[in-house]
Number of protein chains: 2
Amino acid sequence: MDIRDIAAKSGYGVGTVSRVINDQPNVSDRARERILAVMAELGYEPNSNARYLKMRSQTPVAVFVMGVGNRMFDDILGPLQAALAREDEQIVVTYLNGDVDEVRAAIDYQQARHPKGMVFLGGELESFRASFHEIETPSVLVTADASQLGFANLSSVTIDNVAAARSAVGHLLERGHRRIGIVGGNRASGQIGELRLRGAEQALREHGIELDYERDFEPCDFIEVGGYEATTCLLERTGDLTAVFALGDVVAFGALRAIVDRGLSVPGDISLIGFDDTAFSQYAVPRITTIRQDAARLAERAAKLLLSALRDGSPATHELVDFELVERESVCSL
Amino acid sequence: MDIRDIAAKSGYGVGTVSRVINDQPNVSDRARERILAVMAELGYEPNSNARYLKMRSQTPVAVFVMGVGNRMFDDILGPLQAALAREDEQIVVTYLNGDVDEVRAAIDYQQARHPKGMVFLGGELESFRASFHEIETPSVLVTADASQLGFANLSSVTIDNVAAARSAVGHLLERGHRRIGIVGGNRASGQIGELRLRGAEQALREHGIELDYERDFEPCDFIEVGGYEATTCLLERTGDLTAVFALGDVVAFGALRAIVDRGLSVPGDISLIGFDDTAFSQYAVPRITTIRQDAARLAERAAKLLLSALRDGSPATHELVDFELVERESVCSL
DNA sequence: ACGGGAATTGGAAACGTTTCCAAGAATGAA
DNA sequence: TTCATTCTTGGAAACGTTTCCAATTCCCGT
């Protein structure tokens, strides 16, 4: 079933049929109508490969999820796909975990396929960076801030991580906490952890406290088990913590378990604050106070940015979306 | 950069170059070597659109995720993508929530693109069924059992849901529970909920108890909020429950919260058992006893099945993988 | 009724592959 | 050495579109 079959059956030429398919001007209403009717009757569907071959623009948008197990990304993926689908854009997803070489290989692989666009989900700029210099495809980074990097085609949408972390720690400070431990992420520059740490540091400093990275910080991956182990470690190291700031909700979740396993209670003995507001933090026992980062909104803005780059060739933009501290039950006043 | 450029530069014809690219026989070692060298030198990458156009087999594998918010599927997606990627197969993901028309439209849309294969993630057979009769593409259903349906190209990989549910409820029964409430899923046939309910019913009957669906069962979607509301409802309706069986872990998570919100404790007042063993159930407070359904294994088997259908045209198969009851802290003996 | 510009139309060429067929080269048996 | 196989090779045709150019038709002002 061809465009030629449609042409033959409708009595028009292939050119005209193609124009109808692509909603182009210079087609009489009569022709359009007739052709549409024939297409419907025959159940014609254009062959996307032929189309892309000719148009030279290509395969679907490639999405990279950097950090398997971080629920935040799962929450973004759905809305992102939906938003793009509304504009007829497909996504091809690749799940990656930290390894730089693996990331590199995956990006190369997808690049070779000439995706029309790319989306990177992940806070760890570092893992991407090595591959970024060659990126000419319109791309958007979600969750990691690419504004420092000067790539012409690299947009990003993110919250102000520094400010958010500052408000989280500020929240703890206001409630009288002075000995605050931090778990999750790591200090390497360009990592999202670094930004959040910087925010925490600022808040602390405003209260005249200097963050002791050796003692009060324990890095870990953004997965439950990471949070569990890091928190255990932290708790063993210093006995006087009254609050823990987890740099991500999955981490907070592991942290909660670790605290309870040491026979302590949240927030009775230790207050806990998370980051992201993934679905389960409002169902956890106790409900976890956290920084709300709206996954749907992030996804939607990312789609918007990508789409406008795709359609009108809009230049890269770095967009900030709002965050919000949502108070629940895991923090108490001292 | 063409296959023709490679041909010209290497001194061979396009036919030979194509054979080299596709690892076909009847190419001399000398030719192969030379052509490979030229390809490497020029950084040649085949154009997949041209290739697929010609080969008529097409675009990537289409994956449908039926039930946004059910973490189980997020856990399957990663390993599935990884397994398929190892064989150079891309996946295009579409996220869907229940609506039959939406599902229908999405499947039609993807079908029109002639994916070489399809994977359906979701327990709700019903939503798919309307679209299934036209499926000619090799497909596999993960988590829902398609063995009743007789589609030639429709494989499935799943655990024995009936047996698993029976063992879950059996576990409760053995510990002395007699008044057991059930939340999650629904009774419509072909739904995964129905299978799990059937298992529960069997276990109950073995102990001479008849399941009263009106009183002791409350259906809901597989998301946290569903579990929360359904459980609240159930608890309000009957005051004498000593245990709740949640038909999915996300549901269990909402259930836990609902129970606690009524001032009851788990497992002190009410024992809770889940289904799936998604990551957070082992971190919840208390840790949730559940049926382990190995997401990675499910994904891997699904990939295997799909791949063999793709490569050798193997016929549809219905595969059962093992489940396991994992005892944690949310169930106590009466 | 006529001329001219705009709107519509048809069809050939091109996109980058794979595949098929025919031809040429190599091998081995007699 | 010769003939019959088998291996290797080149190149044309085809996959189903879009796009461009030229040709036709239409419409309107005079």
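Everything numeric here is computed off the predicted structure, so don't read it as measured data.
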Does [X] put a side-chain nitrogen or oxygen below 4.0 Å from OP1 or OP2 of [N]?
| X | N | answer |
| --- | --- | --- |
| Ser18(A) | dT17(D) | no |
| Asn26(A) | dT8(C) | yes |
| Tyr12(A) | dT24(D) | no |
| Gln24(A) | dT8(C) | no |

Across the strands shown, which category fits [X] at heavy-atom distances under 4.0 angstrom: base, sugar-phosphate, nothing?
| X | answer |
| --- | --- |
| Asp2(A) | sugar-phosphate |
| Ser28(A) | sugar-phosphate |
| Pro25(B) | nothing |
| Ala31(A) | sugar-phosphate |

One thing to verify: whether [Y] and [X] come together as a salt bridge, which I'm taking to mean a side-chain N less than 4.0 angstrom from a carboxylate O.
| X | Y | value |
| --- | --- | --- |
| Glu89(A) | Lys116(A) | yes |
| Asp74(B) | Arg71(B) | yes |
| Asp23(A) | Arg32(A) | yes |
| Lys9(A) | Glu41(A) | yes |

In this structure, how many angstroms lie between the [atom2] atom of [N] and the [atom1] atom of [X], rounded?
| X | N | atom1 | atom2 | answer |
| --- | --- | --- | --- | --- |
| Asn47(A) | dC15(C) | CG | C1' | 13 Å |
| Arg51(B) | dT17(D) | CZ | C1' | 20 Å |
| Arg34(A) | dT9(C) | CZ | C1' | 16 Å |
| Asn22(A) | dT18(D) | CG | P | 4 Å |
| Asp5(A) | dT17(D) | CG | C1' | 13 Å |
| Met1(A) | dT17(D) | CE | C1' | 15 Å |
| Tyr52(A) | dT17(D) | OH | P | 13 Å |
| Asp23(B) | dT19(C) | CG | P | 14 Å |

Exercise for the section: Supply the atom-to-atom distance Gln81(A) CD to Ile91(A) CD1, rounded to the nearest 0.5 angstrom. Expected result: 5.5 Å

Handout entry: Proximal nucleotide (of dT18(C), dT18(D), dT8(C)) relative to the Lys54(A) side chain
Key = dT18(D)

Handout entry: Thr16(A), nearest nucleotide to its side chain (from dT19(C), dT18(D), dT9(C))
Key = dT9(C)

Fill in the blank from the handout: DNA chain D nearest-nucleotide lookup for Arg19(B) and Val14(B): closer to the 5′ end is Arg19(B)

